[in-house]
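A short write-up of the structure that comes next.
All figures in this text were calculated on a predicted structure; none of them were measured in a lab. Naming: A, B, ... by sequence-line order, numbering from 1 per chain. All heavy atoms count here, side chains included; hydrogens, waters and symmetry mates do not.
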Amino acid sequence: MSAPDRAQGGSHVHSLLRVQGLTRRFGGLTAVADVELAVEAGQIFGLIGPNGAGKTTCFNLITGLLPPSAGAVEFGGRSIVGLAPHRVTALGMARTFQNIRLFGAMTARENVLVGAHARLRAGVFGGIFRTPAVRREEAAARERAVRLLDLVGLGDAADLPAAGLPYGRQRRLEIARALATEPRLLCLDEPAAGMNESESRELMDLIRRIREQGMTVLLIEHDMHVVMNLCDRVAVLNFGQKIAEGSPAEIQANPAVIEAYLGRDDSAAD
Amino acid sequence: MSGIKNWLAGTLQDPRRAPIFAGALVALTSLFQVLAPFNSLAFLLVIVSMLVVGKAATSKWVKLGLAVLVTLVVIPVAGRQNGALTYLCVQMFINIALALGLNLVVGFAGLLDLGYIAFFAGGAYVYSMFGSRQALEFMPESLQHLFPLGGWWFWAAIPIAIFVAAFLGLTLGLPVLRLRGDYLAIVTLGFGEIIAVLAKNLDHPINLTNGAGGIVGITPPSLFGYKLDTTLSFYFIGIVLAILTALAMYRLERSRTGRAWAAMREDEVAARAMGINLTKYKLMAFMAGAAFAGAMGMLFAVKQNFVSPDSFSFLESIGILAMVILGGLGSLEGAVVGAVAVTVLKLLILKDLADFLSMTVKLPPAFNIPQYQPLIFGLILIVMMIYRQQGLLPGRRPTEDIAQLETRTPKKNTTGKSVGA
């Protein structure tokens, strides 16, 4: 592996996220096969594909929750294969989960504060003795948590246990929690799943606002309406392989995609 | 009955009546306790009155004042005549700190530890070995004139005992990092046994622990030349250590570390994705939990003036776990109340009950009622687990039983009623 390029963001030398030859086998099954992706800073990048196409596995490989069988993942010009997930998070990559994984017993505020973990420094002794530095840090983190909860529209739910929130609000809380890690790249796994039309419209607004704040977004999504309206670039997975990549318009016109995915649904193919 | 209950609830919530009621109750029970120091019922009433004070809607200064009155005046005064009362309270403070420490590991971090007493033993033995004539058995001759250590060493030994116990926590934590649930429980259980077996067998080739015979004649602590060797002095040391433990736990729970533990307990995958280093925080949970036990072990050693492997059996670990679960897993108030309840039950109520039965019921002498204390204790625990699984004072967190603790089902039943406050 060559020496990592530490140029700021590496934006014009490197893509923010660069995935090459990414492969993951589970026994005899190849869930992800030789996938290439390049996400540029500031993009909203969509990863779509039919059920079981390997999208979530791809996410798990990129964020370090699963080790890849083969392939390279570079983030900000630096290889992150083999890094523990908490290190990847510290480098500036955050994610949400397809099947919501909030800390159910903790309040919304506490969930967001856990998200800020990698950006705080207080240790056991700091926690016990509450030094002035720890107090300042904690106060700032709490203030930021409130702002993030407001951003996703959960300002009124700060002290409610996460498990008790309605489904759509849980999804948004997961986004707030991921934002608290102060990511450069935000990976959203089916953020609009189970949302009605007005909720998913709000969600699209939120994702656009997040991008305006300078973050890059990589999202897996089933809702074609969301993908086509939101994404700058879309990659399509089928049976673990990337079968197409391009602008939403190109993807909609791509015969391979229509056959593999959109072709099943005539209305979406138009 | 419900009329009394309503009146009581109303009074406790009324900010004008509550302090008067709580004060009167404490004054009454305190008077009873001082006038009848040998009456177990009086002590129970004092404890109940303290619980009522805890629930009353008054400022924390009123509560603190009443608590100070009871712990620093009433109990010591009653204890002047009834030494057993002070002795019981020392054990109670030790148990409170132990329950709080184990609650950190099991309740906060969700790691089931069945060998917690090992860390307590570590602290007790570290001080006993050097603070008694036992040191002459294994220290080189040139250093023997220093031992047994003087009483002021007790204070210096507290951080050492904490460090040793934390190190023991690390040695337990490292091999069990990858284990969960039943497997974790079994290894921690084995660890507790290892420490007990070590204590029993480290009398050869060098006599470190004096084996099953135990170590006697442990130097009591001294302060400014005064020997603190009375039960009352242990009582005050116990109070200070228990309060410091509770304060540390309260702050830890609300710190970055405490949140990381809670996140780890709730969902390990999500915790990792949020930047939490699971390895580090699991080890820290074992070490921090152990550290508190180490300090209390020292107090236990000087209180008993004797340590032996029998004091650190598996049953003791289970006893502390019972306090934590009885009180309400994951809740600080719960751990304290559980420790108080179990201590009072074991050392006071069951004892009195046994005495009472052996006096009133004419049973054959082979039928030794005091021996049936564990049976009654077990029955109470079973009934408790059937009717109030979440413990006496569950935390505001949804409670999880031991089985749920490790399976981490994504859907949790939320008991959080009015969490907004």
*Given side chains that start at C-beta, do those of B/V106 and B/L111 come closer than 4.5 Å, heavy atoms only?*
no
*List the steps, then state whether side chain to side chain donor-acceptor pair (under 3.5 Å) holds for A/R95 with A/N60.*
CA-CA 9 Å; A/R95 69 168 293 172; A/N60 289 342; 2.5 Å; yes
_Region of A/R177 that comes under 4.5 Å of a non-hydrogen atom in chain B_ = both
*B/R256, B/M274, B/M284: which one forms the most heavy-atom pairs within less than 4.5 Å of chain A?*
B/R256
_B/F292/B/L100 under side-chain contact (heavy atoms from CB on, under 4.5 Å): CA gap, chis, key distance, verdict_ = CA-CA 8 Å; B/F292 292 99; B/L100 285 168; over 6 Å; no
_Partner set under ring-ring contact (aromatic ring centres under 6.0 Å, His included) for A/F59, not counting sequence neighbours_ = none
*For the pair B/R259 and A/E138, find out whether any cationic side-chain nitrogen is under 4.0 Å from an anionic carboxylate oxygen.*
yes
*Measure A/R109 against the heavy atoms of chain B and call it side chain, backbone, both or neither at under 4.5 Å.*
neither
*asked:* Under a 4.5 Å cutoff for heavy-atom pairs, which residue among A/A94, A/A118, A/P85, A/A116 has the most contacts with chain B?
replied: A/P85
*Residue pairs involving residues 278-289 of chain B (criterion salt bridge (charged side-chain N to carboxylate O under 4.0 Å, His left out); sequence neighbours excluded)*: B/E268-B/K282
*Under 4.5 Å from a heavy atom of chain B, the part of A/T181 involved*: side chain
*Tell me, out of A/L113, A/V134, A/L102, A/L65, who's got the most heavy-atom pairs with chain B below 4.5 Å.*
A/L113
*Could you check which of B/A288, B/A248, B/A270, B/A260 has the highest count of heavy-atom pairs closer than 4.5 Å to chain A?*
B/A270
